[in-house]
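Just follow the structure's listing: the first ligand is 1, and inside any ligand the first atom is 1. These numbers come from the heavy atoms of this one structure, side chains and all, not from hydrogens, waters or symmetry mates.
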Amino acid sequence: MRLFEGKKGLVMGVANDRSIAWAIAEKIMEQGGEIGFTHLPDRPDDDKRKNRRRVEKCLEKSEFEAKFLVPMNVQEDEEIASVMETAKNEFGQLDFLLHSIAYADREDLLRDTIETSREGFKMAMDISVYSFIAVANAAKDLMSKRSAMACMTYFGGEKCVPGYNVMGICKAALEASTRYLAYDLGPRGVRVNSLSAGPLKTLAGSAAGVGEMLKMYEHVAPLARNITHEEVGRTGAFLLSDMSDGVTGEVLHIDGGYNAMGSPGRLTNLLA
Ligand SMILES: NC(=O)c1ccc[n+]([C@@H]2O[C@H](COP(=O)([O-])OP(=O)(O)OC[C@H]3O[C@@H](n4cnc5c(N)ncnc54)[C@H](O)[C@@H]3O)[C@@H](O)[C@H]2O)c1
């Protein structure tokens with residue numbers, strides 16, 4: 001029997017076929033899971049509906065079908081509520097929910113953390129952190145008695161990673177939110193975890209400067225290489241499946257072991 005046979009859930013955060021959310025969704029669907037997707041709403045003047053089209057294209061290129069595809073800006077409570085209404089009508093209940101969403105103004109990412117603007121900070125925290133709490137709260141009554149939620153984080157929330165700046169502060173808050181949500185939802189049988197991925201080339205990743213990180217990870221990470229979309233897909237599916245039952249409030253690293261290092265590792269050979 002496949003891991004997600006008979007399981008139904010929501011995946012939020014597919015922008016294109018390089019998105020981490022897509023990598024995880026593919027693994028879940030390979031294992032028999034049924035998914036309802038959300039996409040960033042298109043601007044009313046965008047006749048081509050580019051955001052929706054990009055997700056549709058991922059599905060067309062794959063062997064899988066979405067149960068539904070609906071717009072959702074996580075800054076709008078009514079849009080979150082409307083997604084849950086659709087999920088209730090289509091699925092009745094949810095077995096898994098993936099939040100793979102983050103945003104900060106490029107200008108705020110480029111300037112030193114100390115110069116982060118108040119408005120930029122509020123927006124980054126709203127979209128990248130509060131939204132997980134809002135979505136979890138809106139979904140809680142739909143979650144089945146043996147279900148899981150997960151969000152995506154990065155090591156820059158644990159330690160200072162220059163260049164990650166305001167997003168590092170967001171990830172620290174997101175990881176703390178994971179622990180508190182795990183406590184709140186635990187009695188309902190809902191697990192809540194964060195998946196901390198090493199750098200991957202995606203839209204958000206490029207904005208956060210992963211280009212330079214990729215080379216460094218090759219030299220520092222114990223595995224001496226970067227992780228792949230396939231790997232993050234498998235680990236994400238694991239965290240959302242019953243295979244990880246008993247795991248909650250956790251930050252699981254899928255980073256080739258980079259976070260375990262206390263020195264620059266093999267990078268020191270290059271410095272010698
Ligand atoms: N790429 C990496 O190296 C990396 C590493 C660790 C963690 N992450 C995290 O993974 C998650 C997914 O990012 P990704 O790298 O797949 O990039 P991505 O650009 O493919 O995904 C980011 C998603 O956030 C969505 N989004 C932004 N603002 C939104 C809003 N207001 N409402 C709804 N959706 C909104 C975008 O539409 C997009 O689908 C993010 O939380 C990111 O911080 C990425």
Compare Asn226, Ile227, Ile101, Thr153 and give the one whose heavy atom is closest to atom 34 (N) of ligand 1. Ile101

Other residues, nucleotides, ligands: >12 heavy atoms within 6.0 Å of Glu65 CD: no

Could you find the nearest protein heavy atom to atom 31 (N) of ligand 1 and give me its residue, atom name and distance? Asn73 OD1, 2.9 Å

Below 4.0 angstrom, counting only protein heavy atoms, does anything approach atom 23 (C) of ligand 1? yes

Applying the salt bridge (Lys or Arg N to Asp or Glu O under 4.0 Å) criterion to Glu5, which one of Lys7, Lys8, Arg2 satisfies it? Arg2

Under 4.0 angstrom from ligand 1, any heavy atom of Lys171? yes

Protein contact to atom 30 (C) of ligand 1 [nearest heavy atom, distance to 0.1 Å]: Leu40 CD1, 3.4 Å

Test item: Ile227 and Leu200 side chains (from C-beta on) under 4.5 Å apart, heavy atoms: yes

Going by atom types only, do Ser144 and Asp95 share a side-chain donor-acceptor pair under 3.5 Å? yes

Could you check which of Asn16, Leu174, Val74 puts a non-hydrogen atom nearest to atom 32 (N) of ligand 1? Val74

Taking NZ, NE, NH1 and NH2 as the nitrogens, is one of them in Asp46 or Arg49 under 4.0 Å from a carboxylate oxygen of the other? no

Given Ile20, Asp17, Asp126, Ile254, which has its nearest heavy atom closest to atom 44 (C) of ligand 1? Ile20

Which residues share a ring-ring contact (aromatic ring centres under 6.0 Å, His included) with Tyr130, sequence neighbours left out: none

Does the side chain of Leu240 come within less than 4.5 Å of Phe4's, by heavy atoms? yes

Please list the nearest protein heavy atom to atom 21 (O) of ligand 1 with its residue and the distance rounded to 0.1 Å. Gly13 O, 3.6 Å

What residue and atom, counting heavy atoms only, is the protein's closest point to atom 20 (O) of ligand 1, and at what distance? Ser19 OG, 2.6 Å

Any nitrogen or oxygen of Ala197, main chain or side chain, under 3.5 Å from a nitrogen or oxygen of ligand 1? no

Near Pro199 (heavy-atom distance under 4.0 Å), the atoms of ligand 1 are 3 (O)

I'd like to check the ring-ring contact (aromatic ring centres under 6.0 Å, His included) partners of Phe68; sequence neighbours left out, ordered by chain and number. Phe91

Whether Ala208 lies under 4.0 Å from ligand 1, heavy atom: no

A student comparing Ile127, Leu98, Thr38 should find that the heavy atom closest to atom 28 (N) of ligand 1 comes from Ile127

Of all protein heavy atoms, the one nearest atom 9 (C) of ligand 1 is Met152 CB, 3.6 Å

